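Let me begin by presenting the structure, written as structure tokens, before commenting on it.
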Amino acid sequence: MLKRISALVLAGLTAMSVTACGGGSGGGGGSITMGFSQVGAESGWRTANTKSVQDSARNAGITLKFSDAQQKQENQIKAIRSYIQQKVDIIAFSPVVESGWDTVLKEAKDAKIPVILTDRAVDSKDTSLYKTFLGSDFVEEGKKAGQWLVNEYKDSKDPVNIVELQGTTGSAPANDRKAGFQQVIGADPKFKIIASQTGDFTRAKGKEVMEAFLKSNPDIDVLYAHNDDMGLGAIEAIEGAGKVPGKDIKIITVDAVKDGMQALSDGKINFIVECSPLLGPQLMDLAKKVIKGEQVPARVVTQETTFTQEQAKQVLSSRQY
Ligand code: GYE
């Protein structure tokens with residue numbers, strides 16, 4: 001009899017704690033389990049981001065279930081479904097592309113497992129499908145890249161021929177970095193984007209596409225690459241074609257990872273717009289708050305700056321990633 005009562009009490013308590021923490025396995029108390037679906041390992045930025053998430057989970061005492069989607073949305077959807085099945089306390093992910101998330105996000109919501117978007121956004125109309133979005137303002141980054149260019153060519157009336165290496169097709173940073181840049185340079189018709197193609201955010205593809213650009217366009221003045229890695233690949237292509245990166249062709253990139261900053265200090269890149277991958281600590285703070293039922297802002301924007309060649313030389317040795 002006593003046994004049965006205590007079993008009932010226990011069951012009641014468990015039910016209560018499940019409600020309290022929104023469907024998870026005891027998140028209200030000591031240990032929180034987070035399922036995290038990462039995009040992949042395409043760039044220096046991504047490597048630093050993964051490390052930041054893993055280190056901060058450890059420091060925050062959060063158990064992390066981590067999976068790498070290898071750039072495939074279907075893998076991310078599978079991972080999220082498996083986190084739902086495992087009844088994690090919270091799901092965080094960096095969506096590889098913007099569209100096509102409504103169904104799986106609805107499944108998480110129905111299972112009462114809160115979701116945090118990190119780094120990249122989704123285009124779902126229903127914003128109740130996630131608690132918050134932590135990451136950079138990519139439109140702003142594109143604008144900063146455009147502003148540098150406008151300033152660099154302010155005294156020139158000649159046409160400026162630009163080639164663009166876009167990030168992963170359909171991803172928020174590719175869409176927004178393109179749009180922000182276009183908004184700023186579009187005000188002056190001398191700026192012409194003569195070729196624009198995806199380089200998948202990787203060095204190898206950046207090099208390959210730049211080689212093709214160089215073959216079909218003899219007169220390139222500027223390269224705008226949506227990340228450092230593609231810019232670094234393109235530098236190899238430019239040098240291979242017997243041209244001097246940073247001089248014959250001016251280069252603007254985004255991220256400011258160590259290798260990018262090194263190339264900027266060496267004069268091979270002309271300007272970098274910073275995008276911070278160190279999202280881990282803020283992500284863990286937000287996760288704890290969401291699980292406690294505290295209000296969190298719907299959007300948390302990362303603080304970032306820009307670097308000229310001179311500025312890069314000054315900070316290079318202290319760069320964390
Ligand atoms: O700029 C790029 C990475 O989503 C902000 O993804 C991130 C981007 C970053 O591969 O290097």
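For ligands, and for the atoms within them, numbers begin at 1 and follow the listed sequence. Please read all numbers here as calculations on a predicted model, not as lab measurements. For reference, positions follow the sequence shown, starting with 1. Quick note: numbers below take in every heavy atom, side chains included, and nothing from hydrogens, waters or symmetry partners.
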Per-atom filter on ligand 1: closer than 4.0 angstrom to a heavy atom of Pro173 are 4 (O)

Ligand 1 to Arg46, heavy atom cutoff 4.0 Å, flagged ligand atoms 3 (C), 4 (O), 6 (O), 7 (C), 8 (C)

So the atoms of ligand 1 within less than 4.0 Å of a heavy atom of Ser43 turn out to be 2 (C), 3 (C), 10 (O), 11 (O)

Within the 4.0 Å heavy-atom cut-off, what Glu141 brings close to ligand 1 is neither

Q.
When you compare the side chain of Glu304 with that of Val254, does any pair of heavy atoms fall below 4.5 Å?
A. no

For Phe138, the ligand 1 atoms with a heavy-atom partner under 4.0 Å come out as 5 (C)

Query raised in the report: Is a side-chain N or O of Asn270 found less than 3.5 angstrom from the main chain of Gly246, in a donor-acceptor match?
Result: yes

- prompt: Are Phe93 and Phe36 close enough that their ring centers fall under 6.0 Å?
  reply: no

Review point. Non-hydrogen atoms of Met230 versus ligand 1: any pair closer than 4.0 Å?
Key: no

If we number the atoms of ligand 1 from 1 as shown, the ones under 4.0 Å from a heavy atom of Arg120 are 3 (C), 4 (O), 6 (O), 8 (C), 10 (O)

Nearest non-hydrogen protein atom to atom 11 (O) of ligand 1, with distance, is Asp255 OD2, 2.7 Å

Atom 10 (O) of ligand 1 has as its nearest protein heavy atom Glu42 OE2, 2.4 Å

Numbered in order shown, the ligand 1 atoms found under 4.0 Å of a heavy atom of Cys275 are 5 (C)

Residues Lys109 and Ser128: closest non-hydrogen pair is NZ-OG, 2.7 Å

So, regarding Asn227 and ligand 1 (criterion: nitrogen or oxygen to nitrogen or oxygen, under 3.5 Å), is there a contact or not?
yes

Test side chain to side chain contact (heavy atoms under 4.5 Å, CB included), reference Lys207, set Glu211, Arg203, Met210, Lys205, output is Glu211

Kindly say whether Asp219 contributes a backbone atom to a donor-acceptor pair with the side chain of Asn161 at under 3.5 angstrom? yes

According to the interplanar angle, ranging from 0 to 90°, do the rings of Tyr153 and Phe191 count as parallel (below 30°), tilted (30 to 60°) or perpendicular (above 60°)?
-> perpendicular

Of Thr202, Asp119, Asp229, the residue with the heavy atom nearest atom 5 (C) of ligand 1 is Asp119

- Is Arg319 close enough and on-axis enough to Tyr321, meaning under 6.0 Å and within 45°, for cation-pi? yes

